[in-house]
Structures are given as structure tokens and as C-alpha cells.
Amino acid sequence: MQQDNNQNKRYVIQGIFITVAAILLLKCFQLQVLSESQDGGVKKETIYASRGTVLDRNGKLLVNNNGIYDLWVTYNQVAKADIDTAKLCDLLNISVETFEKNINKDWGYRYRKYKPFVFLKAISPKVFARFQESMYEFPGFYVELRNVRGYSYPNGAHVLGYIGEVNQTQIDNDKERYYKSGDYIGINGIELAYEKQLRGQRGVSYVLRDKLGIARGSFKNGERDTAALSGLDLVSSLDIDLQAYGEELMKNKRGSIVAIEPSSGEILALVSAPTYDPNLLTINRDRGKAYSNLLQDKTQPLFNRAISAQYPPGSIFKPIMSLIALQEGVITPNRGVVCRGGYIYRGLRVGCHGHAPVNNVSRAIQYSCNAYYCQIFRETIDKNGFSNADKGLDTLVQHLYAFGMGRKLGIDLPHETSGNVPTTTYYNKRYREGAWKSPTIISLGIGQGEFLVTPLQMANLTAIIANRGWYYVPHLSKEFKNDTTKIPLKYRTKNYTMVDRRHFAPVIQGMHDVVLAGTARVAQIEGIDVCGKTGTAENPHGADHSVFIAFAPKDNPKIAIAVFVENGRYGATHAAPIASLMIEQYLNGEISDKRKYLEERMFNSNLLTKGLKNE
């Protein structure tokens with residue numbers, strides 16, 4: 001019995017020794033392999049992946065990677081060493097005050113004196129080369145190579161976006177636990193939309209460093225290292241030459257241009273004006289100041305008007321109203337309406353400009369007759385009776401949703417807005433149920449009232465007409481370098497309206513006549529059948545807005561475009577010329593000599609300094 005007790009005690013003692021030994025071994029492993037102590041040893045270092053590049057649809061490089069260096073420091077090592085602070089500051093081109101600020105931290109949760117932290121970000125290769133020669137004189141300091149974005153063109157800032165250092169909120173919300181302090185992440189544009197595909201996968205390297213922090217080789221010949229995997233290269237749908245041309249046309253103006261390839265939904269150009277050079281927000285010492293200047297600029301260059309601004313569509317809504325009325329059997333293609341200078345109902349009058357008689361849908365679009373569209377709007381709303389306007393409006397709203405109005409389309413960019421389609425619920429709250437009728441909301445028939453659309457939605461509406469009733473969700477991703485399957489399925493799925501294909505013919509003919517002999521003769525291009533519609537969106541705060549939608553050629557269209565110029569007055573004044581120049585440039589590759597005067601006029605037009613009132 002005594003012998004059994006002694007044997008049990010021996011097992012207990014052996015177990016204690018084994019446990020203690022295991023703990024010591026584990027501690028040694030942590031200190032030698034995983035720790036970042038002040039006395040050198042094995043350092044676990046991150047190998048940052050090269051971020052995927054971005055190209056335009058023709059293979060031109062838009063976004064590349066430039067090497068910069070982050071200088072890391074371990075406070076305890078610097079405190080123990082007698083370094084030449086003045087020389088360090090001279091090598092790094094910083095002041096002594098900056099040195100003191102960067103080395104002394106609020107020691108607590110985020111910073112530890114024995115753990116490395118970033119002392120100086122974004123050192124240029126030139127400064128690094130100078131510092132590297134003397135780095136051995138500064139124990140506790142070591143350099144980490146990072147890749148930041150460089151932009152080949154000063155264009156496309158709102159599309160491309162930019163990257164920045166991840167913040168604590170993003171780290172806390174990261175379900176994958178991928179990001180850590182100091183990492184870069186897509187902040188805006190397609191950099192944000194395709195962050196997971198572009199970022200790649202970082203690797204790990206275990207490096208032997210001496211007490212001075214100088215690398216002496218890899219640990220165990222790198223058997224524990226993992227390689228970094230580069231991000232995927234994105235081929236965007238953007239035509240950078242067309243994008244640059246559009247930005248030049250919109251210089252000194254507020255507004256936007258959105259051009260789409262109707263057959264694919266791929267965005268050829270997305271211009272928001274005023275804009276800025278994307279190189280201003282690449283990661284460097286001056287970035288903070290540049291961002292602050294952009295943020296304080298009263299013209300709001302950071303605001304992406306193409307997808308975030310919302311405007312009344314004005315007369316560009318009339319082709320859509322025609323299609324819905326045709327589908328609902330309210331009118332036939334040959335329906336005419338007498339216009340006596342406007343639409344008159346009891347005490348209500350909606351004015352119209354003088355034009356030839358309107359004896360069919362095509363002529364109504366060609367002359368943009370307000371009387372015609374007020375009449376067919378009322379007949380559409382009153383289809384179930386004057387007292388059942390809610391049912392008629394419900395039907396209209398469902399059609400508009402199918403056209404992509406009143407909701408976000410789902411472009412692969414952040415901050416898209418939905419526009420607004422007023423519903424029965426809205427009017428019941430505003431006027432009381434049963435208290436409103438078709439005359440109450442008649443301004444909707446000519447694209448005014450509570451209707452709001454984004455320029456992106458305008459361009460998509462145009463693509464729908466060009467396609468005779470269907471569309472792909474507009475998008476900026478074409479493929480990930482020879483692999484289209486990684487593009488989200490929603491960008492490869494057709495969406496259909498509720499309007500039969502046969503109803504589009506008279507509407508398209510009317511849009512063709514707008515350019516041939518209507519309000520947009522300025523948009524004619526020799527040898528190209530352009531179909532378009534002008535609009536003048538009312539603006540109670542100043543000069544009206546100039547609007548134009550168009551597609552070309554009439555058959556087998558290659559481009560659909562929407563142009564919105566704030567305070568540009570009539571549709572034919574600014575928007576139509578700009579749209580037609582974009583179409584000509586894209587389809588022909590140049591502007592004909594006959595139209596150079598128009599190009600120069602748009603280049604030189606300045607709406608930022610002129611008065612905002614109609615003249």
C-alpha cells in the first residue's frame with residue numbers, strides 16, 4: 001500500500017515537472033519565435049501582398065503600385081541606446097519636434113514600450129536609400145516595404161477611389177479578422193467595391209534580428225514562412241480616353257456624364273464635375289493637406305454627382321411616359337393631341353412652347369409637347385376612373401420601378417442614391433386619402449414634381465430604350481484578367497421592363513426626329529444616326545439645368561449617354577452638344593473639322609463664375 005502511494009507521488013511530481021517544462025518551452029518559443037522583444041531574436045514580420053492593378057477596357061494601366069517604406073521603432077531599444085538624434089532627423093528630413101512627437105506615445109492599450117510601432121509612414125525610396133546606409137547606427141529602428149497606389153492618368157478619381165489606413169472601427173467590424181492596425185484598405189470607388197479581390201493575401205516571414213534590430217537571416221531557412229499572394233488585376237469597363245475627354249468638356253461646370261455600352265451595361269465613362277486628380281490622394285506626406293483642401297472646396301469635388309446627385313428628370317421623362325401609356329393601352333402610336341399653348345384644366349395651366357401640330361407619339365417627343373404629356377398622364381392615372389387615381393398611380397409606379405427608377409440600381413461603387421418615385425402612400429399622407437386626383441399630381445407627367453433621378457439612372461433609362469426594353473445593371477468591372485466569372489452575377493443578368501418591344505419603335509423614331517428636326521439639331525453627327533431627348537430641369541434657386549439623353553447608332557447602338565449640366569439652362573445649350581461630342585469621339589475616334597467650333601465652345605464655357613439666374 002505504501003509502495004502504491006509512493007508511486008503515485010512520483011507520478012504527480014513527474015507530472016508537475018513535465019507541465020513546468022512545457023510552460024517554459026512554450027514561453028521560450030514565444031520569446032524566440034513570436035515575440036517582438038527589445039533584445040532582438042526572431043521577429044514575426046508581415047509580408048504585404050502586392051495589390052491588384054486596374055486597367056481600362058483597352059488594356060491601359062490606370063492604377064499601379066509604388067513602393068514606399070514605413071519606419072518602425074521599439075521604444076525600449078531606442079531608450080537604451082545613445083543615438084545621434086540630429087543625424088537621424090537629418091537623414092529622414094524631419095524636425096526634432098517631429099521626432100519627439102513620433103517616439104513618445106500614450107503608453108497603454110494601443111502602444112507598448114517593448115513592442116514595435118510605426119514611427120514614420122510613407123518614406124520615399126530616395127529618403128530610404130539615404131537612411132539605409134546608416135541604419136545600423138540607430139538600434140530599435142527597422143524599415144518595412146509597403147505598396148501604395150499610383151495613378152497613370154489624372155482622370156477617373158470618382159471611379160477609381162483610393163486606399164487608406166484601416167481604422168479601429170473597420171478592424172472591429174471585420175468578421176474575417178483579416179485587418180490589423182497599419183493595414184491599408186479601399187476607402188472609395190472600385191478600390192472599396194472590389195477590396196477583397198484587389199487586396200490579395202499577405203504572408204509571414206520569421207526573421208532573425210540582432211539587438212540593434214538588424215536582420216541577420218531567416219529563421220530555420222524560412223520553413224515557417226508563408227508567401228504573400230498578389231491581388232487580382234481588374235480590367236475595368238472604363239475607356240480612359242473617353243473619360244478624360246468628358247472631364248475636359250465638363251471643366252468649369254457642375255454636373256455629370258454617364259456613358260454606357262447598352263449591350264453589356266458596362267460603363268464607358270462616368271464623369272462627375274468638378275473633379276480632382278486621383279494622385280492627390282495617394283498615400284504620402286501631403287495627403288492630409290490635399291484631402292482637407294478638397295473637403296473645404298465649395299464646388300464639392302469629392303461629391304460623386306453621377307451616382308449621388310438627384311434631380312428632376314424634366315422632359316427626358318417623356319419617352320418613358322409614352323412607353324407606359326402605349327403598354328397600358330391608353331394611347332396608340334398615332335394618337336394626337338391639340339396643343340393651344342399648353343394644357344388647361346379649370347384653373348390649372350401648364351404652358352408649352354409653340355410648335356407644329358402633334359398627331360402621333362413620335363411628333364409629341366420631337367416637339368416635347370407639354371399638353372400632350374399632361375393629357376396622356378391624366379388618362380393613365382384615371383384609367384380606372386377619376387376617383388381611383390391611386391390605382392392608376394400604383395400601375396405607373398410599378399412600371400417606373402421596372403425601368404430602374406426610385407431605387408438603387410446596384411452599381412459597383414459606394415454611395416449610390418435611389419432617386420425618388422412618389423407613391424400613393426406618399427400622396428395619401430401629404431393630401432389625405434381620396435383628397436388628391438390626377439390634376440393634383442399632373443407635373444409628374446412632364447418629369448417635374450417630386451420625381452428625382454440620378455444621372456446614372458438617366459443613362460440606364462437611355463440604354464433600356466436603345467435595347468428596346470431590357471438592361472444590365474450598369475457596372476465598372478469587365479473582368480479579372482481573363483476571368484469573367486468573378487464578376488458578380490447581377491452584372492451578367494438581364495432585367496426587363498413591363499413594356500412590350502413593339503412599343504419602342506415610335507418612341508425611338510421620335511428621339512431620332514428630335515436630333516434631325518427637333519430641339520437637339522445641334523447634336524447631329526454626319527454619318528451617325530443619333531437618337532436623343534433634351535430636357536430643361538426647373539431650378540428654383542437659379543438658372544435651370546441642362547439635360548440630354550441619347551444613344552447611337554439608332555440600330556445596333558454602341559453607346560447610351562446622359563449629360564446633366566447644372567445651371568446650363570436649356571438642354572440644347574450645353575448637355576446636347578457635350579453628349580454628341582462624346583458620341584462622336586467614341587464612335588469615330590475624333591471630332592470632325594465641321595464641329596471643332598462646338599468643341600471649343602464647350603471647352604471654354606465656364607458656369608462656375610457666371611451668374612446663376614436665367615438671362
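- The pair E165-R287 fails the salt-bridge criterion, with no side-chain N (NZ, NE, NH1 or NH2) lying under 4.0 Å from an Asp/Glu carboxylate O.
- Remark: the backbone N or O of L55 is not paired with any side-chain donor or acceptor of D233 at under 3.5 angstrom.
- With respect to R51 and D183, no salt bridge is recorded, no charged nitrogen being found less than 4.0 Å from a carboxylate O.
- Using a distance-only test at 3.5 Å, with no hydrogens or angles considered, no donor-acceptor pair links the side chain of N147 to the main chain of N65.
- At most 12 non-hydrogen atoms from other residues, nucleotides or ligands lie less than 6.0 angstrom from NZ of K251.
- When atom types are taken as modelled, the side chain of K60 and the backbone of S152 share no donor-acceptor pair closer than 3.5 angstrom.
- Remark: the backbone N or O of N428 is not paired with any side-chain donor or acceptor of R430 at under 3.5 angstrom.
- By the neighbour-count criterion of 12 heavy atoms within 6.0 Å, atom NZ of K486 is sparsely surrounded, having that number or fewer from other residues, nucleotides or ligands.
- For the 3.5 Å distance criterion, the side chains of R149 and N66 fail to qualify, holding no donor opposite an acceptor.
- Contact record, D174 with Y179: OD2-N, 2.9 Å, taken as the closest heavy-atom pair.
- Remark: L607 CG to T573 OG1 distance equals 9.5 Å, nearest 0.5 Å.
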What verdict does the side-chain hydrogen bond (donor to acceptor under 3.5 Å, both in side chains) test give for Y194 and S477, after you've listed the backbone C-alpha separation in whole Å, the side-chain angles of each residue and the deciding distance to 0.1 Å?
CA-CA 9 Å; Y194 293 104; S477 53; 2.7 Å; yes

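- Looking at K481 and L232, their side chains never come closer than 4.5 Å, going by heavy atoms from C-beta outward.
- Checked against the 6.0 Å centroid threshold, Y48 and Y184 do not count as a close aromatic pair.
- Side-chain contact between R468 and I508: present, with at least one pair of heavy atoms (C-beta onward) separated by less than 4.5 Å.
- Contact annotation: the side chain of H415 never approaches that of N304 to less than 4.5 Å [non-hydrogen atoms, C-beta and beyond].
- In this structure, the side chain of N588 does not engage the main chain of E590 through any donor-acceptor pair within 3.5 Å.
- Taken to the nearest 0.5 Å, the CG atom of N467 stands 11.0 Å off from the OG1 atom of T462.
- Here the shortest heavy-atom pairing between I171 and S181 reads CD1-N, 3.6 Å.
- Just one residue in the list K253, H574, R305 forms a side-chain hydrogen bond (donor to acceptor under 3.5 Å, both in side chains) with E566, and that residue is R305.
- The CG atom of N293 sits 9.0 Å away from atom CG of L280, with the distance rounded to the nearest 0.5 Å.
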Pair Y570, D544 - check side chain to side chain contact (heavy atoms under 4.5 Å, CB included), show working.
CA-CA 7 Å; Y570 306 109; D544 292 337; 5.8 Å; no

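- A550 approaches V530 most closely through the heavy-atom pair CB-CG1, 4.2 Å.
- With rounding to the nearest 0.5 Å, the separation of CD1 in I559 from CG in L268 is 5.5 Å.
- To the nearest 0.5 Å, atom CG of residue L192 and atom CG of residue L160 are 13.0 Å apart.
- Closest approach of V563 and A579 over heavy atoms only: CG2-CB, 3.6 Å.
- A donor-acceptor contact under 3.5 angstrom links the side chains of T519 and T534, judged on distance only.
- Donor-acceptor pairing under 3.5 Å is lacking for the side chains of N495 and K490.
- For the pair R57 (side chain) and K478 (backbone), a donor-acceptor distance under 3.5 Å is absent.
- Without hydrogens or angle criteria, T380 side chain to A325 main chain gives no donor-acceptor distance under 3.5 Å.
- Checked by atom type, the side-chain pair T484/R492 shows no donor-acceptor distance below 3.5 Å.
- Between I465 and P319 there is a side-chain heavy-atom pair separated by less than 4.5 Å.
- For the side-chain contact (heavy atoms from CB on, under 4.5 Å) criterion with F377, the lone passing option out of I324, I446, L396 is L396.
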Before giving the answer on side chain to side chain contact (heavy atoms under 4.5 Å, CB included), spell out for Q197 and L234 the whole-Å C-alpha distance, their side-chain angles and the decisive distance to 0.1 Å.
CA-CA 9 Å; Q197 295 89 339; L234 173 62; over 6 Å; no

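- The shortest side-chain heavy-atom distance between L270 and I307 falls under the 4.5 Å cut-off.
- Minimum heavy-atom separation, Y373 to C369: CD1-O, 3.1 Å.
- Of the possible polar contacts, one joining the S580 side chain to the P577 backbone as a donor-acceptor pair under 3.5 Å is found.
- Ring centroid separation for the pair F303 and H158 does not come in under the 6.0 Å cut-off.
- Judged purely by atom type and a 3.5 angstrom limit, E450 has no side-chain atom pairing as donor or acceptor with the backbone of L444.
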Pair K408-T454, side-chain hydrogen bond (donor to acceptor under 3.5 Å, both in side chains): steps then yes or no
CA-CA 9 Å; K408 296 179 182 179; T454 66; over 6 Å; no

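- Using modelled atom types, one finds a donor on one side chain and an acceptor on the other under 3.5 Å when comparing D394 with T424.
- Residue I190 holds its CD1 atom at 8.0 Å from CG of L238, rounded to the nearest 0.5 Å.
- N155 and Q243 share no donor-acceptor pair across their side chains, judged by distance under 3.5 Å alone.
- A donor-acceptor distance shorter than 3.5 angstrom exists from the side chain of S546 to the backbone of A575, with no hydrogens or angles considered.
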Side chain to side chain contact (heavy atoms under 4.5 Å, CB included) between M250 and T275, worked out:
CA-CA 9 Å; M250 289 296 291; T275 186; over 6 Å; no

Mind running side chain to side chain contact (heavy atoms under 4.5 Å, CB included) on S322 and I365 for me, showing each step along the way?
CA-CA 8 Å; S322 300; I365 293 173; 3.9 Å; yes

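- Here the closest heavy-atom approach between residue P312 and residue F564 is recorded as O-CE1, 4.3 Å.
- Side-chain atoms of N188 and P414, non-hydrogen and from C-beta on, do get closer than 4.5 Å to each other.
- Ring-plane geometry between H475 and Y491 is classed as parallel, the angle between the planes falling under 30 degrees on a 0 to 90 degree scale with a further cut at 60.
- In this pair, F317 and F451 present their aromatic rings tilted. The plane angle is within the 30 to 60° band.
- The closest side-chain heavy-atom distance from K533 to S368 is below 4.5 Å.
- Ring planes of Y311 and H545: perpendicular class, angle over 60° (limits at 30 and 60°).
- Here the side chains of P313 and L461 are not in contact, with every heavy-atom distance at 4.5 Å or above.
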Using side-chain hydrogen bond (donor to acceptor under 3.5 Å, both in side chains), reason through Y472 and S263 one step at a time and then give a plain yes or no.
CA-CA 8 Å; Y472 287 106; S263 62; over 6 Å; no

